[in-house]
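Basis for what follows: all heavy atoms, side chains included, without hydrogens, waters or symmetry-related copies. Residue numbers begin at 1 in each chain, while the letters A, B, ... track the order of the sequences.
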Amino acid sequence: MIIGLDVGGTHTDVVLLGPGGIERQAKVPTDHSNLIECVWSGLEKVTVGFPADRLERVVLSTTLTTNAIAENKLAPVGMIVSSGPGLDPETFRTNPHYHVVSGSIDHRGREIQPIDPMEIESVGARLRNQGIRQVGVVGKFSVRNPKHEIQIQQILEDHFDYVVMGHRLSGNLNFPRRIATAYLNAAVYPIHKRFFDAVRRSLEEHGLHIPIHILKADGGTMSFKASLDLPVQSILSGPAASVMGSLPFVSGEADTLVLDIGGTTTDMAVLVGDAPLLSPLGAQLGRYRTLIRALNTRSIGLGGDSAVRVANGILEIGPDREGPAMAYGGPCPTPTDALFVLGRDTQGDVDAARRGLQRIARELDTSLEDAARRVFDLACTRILDAAREMVDAINTKPVYTVRELLEGYRVQPKELLVLGGPAPFFASRMEELGPYTVRVVPQWHVANAVGAGLARTTCEVTLFVDTERGIASAPEEAFYQPVKRDFDKKKAVDLALELLGEKALAEGADPGDLEMEILEEHQFNMVRGFYTTGKNFRVKAQVKPGLIGTYRSIINQIHASRDVARQAGSPERG
Amino acid sequence: MMLQAKHTTGLVFFPAFDWAISPTHPEREERLLYTQDQIIEEGILDIDGVVEMKPDMATLEDVRRVHFCVPDEWSVLTQSHLISAGGAKTIATAVMEKRVERGFALVRPPGHHAMRVVHGARGFCNVNIEAMMVEYLRAAYGLERIAIVDTDCHHGDGTQDIYWHDPDTLFLSIHQDGRTLYPGSGFHHELGGPTAMGSTINIPLPPGTSQEGFLRVMEKVVLPILKDFQPQIVINSAGQDNHYTDPITNMNFCAQGYARLTEMLQPDVAVLEGGYSIEGALPYVNVGIILALAGLDYSKVQEPDYDPEKIRQSAETDAHIHKLTDEILDYYGKCAEIVAHNRESKEFAQRERTIFYDTDNILENQKERLRVCPDCSGVLSIDSLTDRGYHIFAVHIPRKACNACLALGEEWYDTVNLRAYDRAFLQDRRNNRYLTKSS
Ligand SMILES: [Zn+2]
Ligand SMILES: [Zn+2]
């Protein structure tokens with residue numbers, strides 16, 4: 001049995017998943033001032049009277065780190081940045097305690113200028129005097145050669161609680177993103193650690209000795225212990241949870257768009273077959289562009305509660321929300337109110353909804369029903385337009401080989417999977433308006449918690465081999481190995497997969513659940529003068545985001561309950 | 001603080017990681033590998049106002065506006081060439097449609113040694129990607145006056161050949177002196193054909209020229225002539241083999257210099273040409289050029305081993321360049337007069353040349369015949385025979401051909417003796433026609 005728990009902005013959903021599908025579920029209001037209590041009360045509701053030894057694990061998805069970053073409630077961090085020539089590193093300043101130090105590594109990973117240990121000691125002393133406990137150390141091209149980051153870390157490690165090195169965050173190049181990622185990682189470390197220590201203590205006090213896993217932005221999980229090294233990976237797990245929760249309902253024959261229509265926003269993701277697409281470089285959170293592996297999601301400011309108004313004779317929806325729909329006592333008409341006027345929804349104050357839309361009808365100089373229809377259609381088309389733009393952006397992503405340019409895969413979604421409050425109402429109209437088959441995710445109101453519970457452990461490995469320099473390295477894994485001249489691409493791929501398997505197991509994966517794939521494999525002849533002097537291999541491999549295999553039966557049960565609901569002909573409401 | 005480009009800049013980056021002339025050739029898969037690493041590591045593609053674009057494919061129609069491919073297009077080019085030329089087109093289109101202010105097509109394979117007649121590859125080039133882009137701009141947007149400034153270390157003899165008789169295209173090339181480097185042409189007395197003199201300008205610099213020399217000819221020759229010509233769009237063939245670390249040339253230019261040159265030139269579209277110091281130069285030069293295009297600070301971009309004192313040009317080079325700039329400006333001033341004189345004194349002009357295709361090892365003999373027309377730049381015929389025995393006859397009718405030249409060109413094509421040639425071609429730019437025939 002697995003517990004999936006998703007702490008959302010307004011409420012926290014918990015499910016207990018077992019051979020019978022969703023065996024228990026609960027919803028408690030989210031109390032941001034006391035998250036531990038809120039998590040525990042949710043857990044208690046689904047476990048009360050349940051034998052603890054039958055629980056395998058609990059997977060948590062929380063907005064803790066995302067909110068801390070969005071609200072700028074971050075711990076002070078000392079940043080030590082070694083750049084060398086290039087763009088001015090001041091441009092990438094993340095925070096006040098940001099120090100640019102000497103030292104330079106080139107694109108092949110060769111040391112151009114050493115670091116100055118005295119300089120590091122003095123910056124370290126200054127940070128200590130300022131009461132700083134967390135430090136981020138980032139060097140340009142540190143993923144080609146992390147020597148400088150390691151030297152700096154060794155000088156500082158005894159004097160601080162936490163020193164994070166840029167090359168351990170991602171195998172990808174991008175110095176400014178590495179700086180931002182290291183900064184956020186160090187800045188959320190204390191709250192992440194405090195929160196999960198408390199959750200663990202709370203579980204143990206109640207006799208629940210079960211492993212805790214955490215949902216990441218890429219829709220995969222990792223063990224709580226592994227997350228202490230890289231807490232920032234837990235950002236944006238909310239949208240990931242919903243996407244993973246809709247995966248069981250994908251037909252798998254075509255590409256699919258997942259739309260989560262909420263109160264103020266609609267979040268979108270794309271599935272190719274049954275695998276969600278990842279963002280090409282990494283998550284963006286507010287002003288921070290990062291190297292954090294994340295699902296490729298897009299959010300638009302349009303949801304069931306978005307404010308509807310007429311400006312200069314033109315109908316507008318959102319992006320702001322002034323409150324709930326008037327049907328639920330809100331101040332301003334919304335798309336949800338339009339649904340009430342159209343008779344699609346009845347569980348609220350229909351008269352209030354009509355009063356709100358009447359205002360809009362007057363300004364548009366039309367009938368109440370027509371105004372409601374126009375509001376509803378505009379909401380549907382705006383969402384469909386944004387979805388199409390997202391697909392276009394994916395298909396126009398640059399590629400770097402002739403083969404990919406000529407034969408590259410084009411995403412062509414044929415299906416929409418919709419979840420969220422107004423999902424059943426939007427689904428039928430979107431099917432009429434667009435070229436898609438539209439379906440509502442069954443049990444959508446707990447899809448996020450189900451997604452967290454069923455997501456498999458994911459990770460990525462980047463292997464870089466330079467036979468001229470005689471080295472194979474995956475700095476992210478602290479892996480370095482000398483290689484001989486006869487090293488070839490097959491060996492590189494095998495080595496990358498081996499490292500990936502080890503990493504996944506260390507992060508809590510089930511050995512039966514390692515669906516590994518090669519994302520990139522490049523081989524370059526290195527020629528100097530007229531002779532081949534070496535080979536350069538670049539291999540990137542991942543455990544694909546997806547659902548754990550052993551719980552096929554859970555998914556089948558949810559499917560079965562959907563069929564029952566369908567026969568009864570009632571839209572599912574949460 | 002977010003970096004924001006002062007000038008929105010489009011970038012097509014197409015390193016063709018699966019295309020090479022041969023495994024150890026300078027034009028191989030590895031060429032832009034370290035440049036890509038540097039651009040990505042510097043975070044340049046995340047800068048607001050720097051927009052990466054996916055290259056479009058150029059079409060055979062784009063090829064046929066510029067070249068006579070012998071015997072046909074697919075015999076002399078590959079998909080990679082169409083992507084490379086397409087990348088240049090993508091940038092130029094984005095600039096014309098004001099989606100970006102400027103742009104840089106960082107593409108390979110290069111093109112500036114490809115002449116109008118193409119029997120194979122010369123100087124690593126098969127088709128001329130800048131000329132294909134320029135003629136596409138004329139066809140799609142009706143542009144007339146276009147300037148191409150070629151800053152590759154090798155003379156852009158292909159581009160020069162294509163525009164030799166075109167007074168509406170200013171071709172300016174700065175390169176290492178042809179007596180010391182392939183292709184051995186580009187002397188400063190080469191100024192264009194009888195009806196287009198002054199629209200080709202060559203600035204051959206002595207080996208060892210450094211930043212001072214390059215920036216001096218920019219200031220004294222390139223910018224004043226550009227100002228005089230008043231182009232609607234400025235293209236930069238941005239070769240990077242003038243670098244002090246380049247393995248196949250002998251110049252002393254550097255990343256700072258390339259960035260400053262770009263800042264002075266302010267090209268609307270830059271297109272990568274050569275540059276074979278793939279580790280020591282290209283990563284830094286390209287970052288410098290992109291920042292200069294975007295109007296961002298490039299003052300801290302430099303090579304790991306950069307030492308301006310070690311690469312400074314000699315006093316002798318200084319003096320040579322002073323004298324050269326004066327002579328070029330003097331020649332340039334006399335061109336209009338010479339064109340007028342040509343029109344009065346000649347009816348036809350011929351030239352005969354031998355062209356060597358070093359990459360494909362072909363020797364071509366070319367006889368060119370131009371009508372020195374009083375009303376237009378004149379219809380042109382080319383008789384071309386290779387040492388492989390292939391013999392063609394080609395007629396080029398210019399865009400703004402007068403009726404007499406159009407009629408004469410049609411007559412030449414219609415009456416060609418097909419028993420004497422393997423194939424005949426007509427490139428009628430006025431009516432946008434491309435015809436071929438064989439016996
Ligand atoms: Zn060159
Ligand atoms: Zn004429």
Side-chain angles (χ1 to χ4, degrees), chain A residues 83-94 104-113 140-144 172-180 280-282 284 287 289 395-406 408 522-533 535-536 538, chain B residues 1-3 11-20 23-26 28-47 52-57 78-80 82-84 86 247 255 278-280 283-284 287 291 296-306:
Chain A
S83 163
L87 273 74
D88 185 349
E90 259 310 310
T91 318
F92 312 127
R93 171 178 283 276
T94 41
S104 166
I105 303 273
D106 85 351
H107 50 77
R108 284 279 300 282
R110 291 168 296 213
E111 182 178 58
I112 302 300
Q113 184 197 43
K140 192 180 282 181
F141 283 116
S142 64
V143 291
R144 291 283 181 265
N172 292 337
L173 294 173
N174 196 317
F175 181 54
R177 283 180 183 252
R178 192 175 307 124
I179 292 171
L281 291 169
Q284 178 163 3
R287 68 189 177 98
R289 290 184 168 114
N395 284 333
T396 51
K397 185 176 97 64
V399 294
Y400 303 119
T401 59
V402 176
R403 192 185 57 77
E404 284 174 285
L405 194 89
L406 297 176
H522 288 299
Q523 170 182 334
F524 298 93
N525 280 337
M526 304 172 73
V527 180
R528 300 298 175 263
F530 293 97
Y531 302 99
T532 303
T533 53
K535 285 189 161 56
N536 195 308
R538 292 156 179 220
Chain B
M1 184 170 68
M2 272 297 213
L3 263 185
L11 273 187
V12 162
F13 184 72
F14 193 73
F17 283 150
D18 52 355
W19 186 87
T24 57
H25 195 280
R28 65 179 179 276
E29 297 90 340
E30 188 193 5
R31 187 173 159 223
L32 292 177
L33 182 62
Y34 312 107
T35 297
Q36 183 189 43
D37 285 353
Q38 193 78 33
I39 288 175
I40 293 179
E41 178 70 353
E42 297 282 4
I44 283 178
L45 302 177
D46 278 337
I47 297 173
E52 190 185 10
M53 299 170 178
K54 189 176 185 173
D56 299 300
M57 293 280 282
T78 65
Q79 300 278 11
S80 313
L82 293 183
I83 300 171
S84 183
I278 62 176
E279 284 194 47
Y284 310 101
V287 167
L291 293 181
L296 292 167
D297 173 28
Y298 58 78
S299 61
K300 294 191 171 157
V301 177
Q302 55 175 253
E303 303 80 350
D305 58 353
Y306 178 61

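A salt bridge is defined here as a Lys NZ or Arg NE, NH1 or NH2 lying under 4.0 Å from an Asp or Glu carboxylate O, and Lys300(B) with Asp88(A) meets this definition. A salt bridge links Glu279(B) with Arg110(A); the closest basic N to acidic carboxylate O contact falls under 4.0 Å. Electrostatic pairing of Arg528(A) and Glu30(B) counts as a salt bridge here, judged by a charged N lying under 4.0 Å from a carboxylate O.
Between the CG atom in Asp106(A) and the CD atom in Glu303(B) there is a gap of 12.5 Å [rounded to 0.5 Å]. Taken from CG in Asn174(A) to CD1 in Ile44(B), the straight-line distance is 10.5 Å, to the nearest 0.5 Å.
Taking both residues in full, the closest heavy atoms of Arg28(B) and Val527(A) are given as NH2-O, 2.9 Å, listed atom of the first, atom of the second, then distance. Nearest heavy-atom pair across Pro23(B) and Asn525(A) is CB-ND2, 4.0 Å.
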Worksheet item: Does the pair Lys140(A) and Glu42(B) meet the rule for a salt bridge (Lys or Arg N to Asp or Glu O under 4.0 Å), with working shown?
Response: CA-CA 8 Å; Lys140(A) 192 180 282 181; Glu42(B) 297 282 4; 2.9 Å; yes
Item to complete: Give the C-alpha distance, both sets of side-chain angles, the deciding distance and a yes or no for salt bridge (Lys or Arg N to Asp or Glu O under 4.0 Å) between Arg108(A) and Asp37(B).
Response: CA-CA 9 Å; Arg108(A) 284 279 300 282; Asp37(B) 285 353; over 6 Å; no
Item to complete: Would you please test Ile47(B) and Leu87(A) for side chain to side chain contact (heavy atoms under 4.5 Å, CB included) and show each step?
Response: CA-CA 11 Å; Ile47(B) 297 173; Leu87(A) 273 74; 4.1 Å; yes
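Checked against a 6.0 Å centroid threshold, the rings of Phe14(B) and Tyr400(A) do not count as neighbours.
Using a 4.5 Å cut-off between heavy atoms, Ile40(B) touches chain A through backbone and side chain atoms alike. When heavy atoms are compared at a cutoff of 4.5 Å, Met53(B) approaches chain A solely by way of its backbone atoms N, CA, C and O. Heavy atoms closer than 4.5 Å to chain A are found in both the backbone and the side chain of Pro55(B). The contact between Arg177(A) and chain B is made entirely by side chain atoms (from C-beta outward), counting heavy-atom distances below 4.5 Å.
Residues Leu405(A) and Lys54(B) have side chains in contact (heavy-atom distance under 4.5 Å, counting atoms from C-beta outward). For the pair Asp46(B) and Leu281(A), the minimum side-chain heavy-atom distance is below 4.5 Å.
Below 30°, between 30° and 60°, or above 60°: for Phe17(B) and Phe524(A) the angle between ring planes is above 60°, a perpendicular geometry.
Interface check for chain B: of the options Asn172(A), Thr94(A), Val402(A), Asn536(A), the most heavy-atom pairs under 4.5 Å are formed by Val402(A). Heavy-atom pairs under 4.5 Å with chain B peak, among Gly84(A), Ser83(A), Gly86(A), at Gly86(A). With chain A as the partner, the residue from Met57(B), Gln36(B), Glu52(B) showing the most heavy-atom pairs under 4.5 Å is Glu52(B). Comparing Gln113(A), Arg178(A), Gln523(A) by heavy-atom pairs within less than 4.5 Å of chain B, the highest count is held by Arg178(A). When Asp18(B), Val301(B), Val287(B) are compared by the number of non-hydrogen pairs under 4.5 Å with chain A, Asp18(B) comes out ahead.
Between the Glu41(B) side chain and the Phe141(A) main chain, a donor and an acceptor come within less than 3.5 Å of each other.
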